[in-house]
Amino acid sequence: MDASRKALFLQAAERVGHSFEGQMRIGGNYVPAVRNGDEVYVSGQIPRVDDAVMVMGRVGAETSLEQGRHAARICTLRALAILEQMLGDLGRIKRILRINVYVQSAADFTQQSEVADGASEILYAVFAEAGVHTRTSLGVYQLPKNASVEVDMIVALHPGSAQD
């Protein structure tokens, strides 16, 4: 299972057109993920690859719906890369519990849920039924670095996983 999840993650990253190898850097006085018992909370991730934000601007104005979905895919892959770095492998994840998808939206844009589908598709591609989750998608006025989308998540680990 571990190797197949890694392979599925790499296939999804290849389809998106980016690599998520190497250390995921953050800025500020916080951590990218925190473990509490058998759950891990991942901080909000924008569609950043290395030091570049790949999709910027308001979805429905400067950015199309499909570009917003692409941004959601990048954010989700970035969150999974952080989890892999923290846990050692994605096989330790029992289930994706919840994601929140924030969409920097034009005033009349109402397809936040369709943008969030990009994130959900990645999670299902990597985790199958264990990737089916609860979700909230929100339209917001601004996001850090003018990112079009930000995604955070909560995951459950297999019981008895060794503490890090």
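These numbers were taken from a predicted model, which means no experiment stands behind them. Just so you know, residue 1 is the first one in the sequence shown, and it goes up from there.
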Under a 3.5 Å distance rule, please check whether Ser105 uses its side chain to pair with a backbone N or O of Val103 as donor and acceptor. yes

If you round to the nearest 0.5 Å, how far is CD of Gln104 from OG1 of Thr63? 7.5 Å

Nearest 0.5 Å please: distance from the OG atom of Ser120 over to the CZ atom of Arg69. 9.5 Å

Work out which heavy atom in Thr134 is nearest to a heavy atom in Arg98; give both atom names and the distance. OG1-NH1, 3.1 Å

Lys/Arg-Asp/Glu bridge criterion (N-O < 4.0 Å) met for Arg95, Glu129: no

Assess the residue pair Val53 and Asn146 against the criterion (side chain to side chain contact (heavy atoms under 4.5 Å, CB included)); give the C-alpha distance rounded to whole Å, side-chain angles, the decisive distance to 0.1 Å, and a yes or no. CA-CA 8 Å; Val53 178; Asn146 196 30; over 6 Å; no

Does the side chain of Gln67 pick up a donor-acceptor pair with the side chain of Ser148 at under 3.5 Å? no

Out of curiosity, Lys145 NZ to Leu143 CG, how far, rounded to the nearest 0.5 Å? 12.0 Å

Can you see whether Gln45 engages Asp152 through a side-chain donor-acceptor pair at a distance of less than 3.5 angstrom? no

Could you check whether any side-chain heavy atom of Ser137 comes within less than 4.5 Å of a side-chain heavy atom of Val115, counting everything from C-beta outward? no

Is the backbone of Gly68 close enough, under 3.5 Å, to the side chain of His70 for a donor and an acceptor to pair up by distance? no

Are the charged groups of Glu121 and Arg73 less than 4.0 angstrom apart, N to O? yes

Interatomic spacing from CG in Asn100 to CD1 in Ile154 - rounded to 0.5 Å: 7.0 Å

Find the distance between CZ (Phe127) and CD1 (Ile122) and round it off to the nearest 0.5 Å. 11.0 Å

Can you check side chain to side chain contact (heavy atoms under 4.5 Å, CB included) on Leu83 and Val155, steps first, answer last? CA-CA 9 Å; Leu83 285 164; Val155 305; 3.9 Å; yes

Does a side-chain N-to-carboxylate-O contact under 4.0 Å join Asp117 and Arg135? yes

Kindly compute the distance separating OG1 (Thr136) from CD1 (Ile99), expressed to the nearest 0.5 Å. 9.0 Å

Is NZ or CZ of Arg35 both nearer than 6.0 Å to the six-membered ring centre of Tyr41 and within 45° of the ring axis? no

State whether the side chain of Ser43 and the backbone N or O of Val31 hold a donor-acceptor pair below 3.5 Å, judged by distance alone. yes

Ile46 vs Met54 side-chain heavy atoms within contact, under 4.5 Å: no

Would you call Arg78 and Glu84 a salt bridge, using N to O less than 4.0 angstrom? no

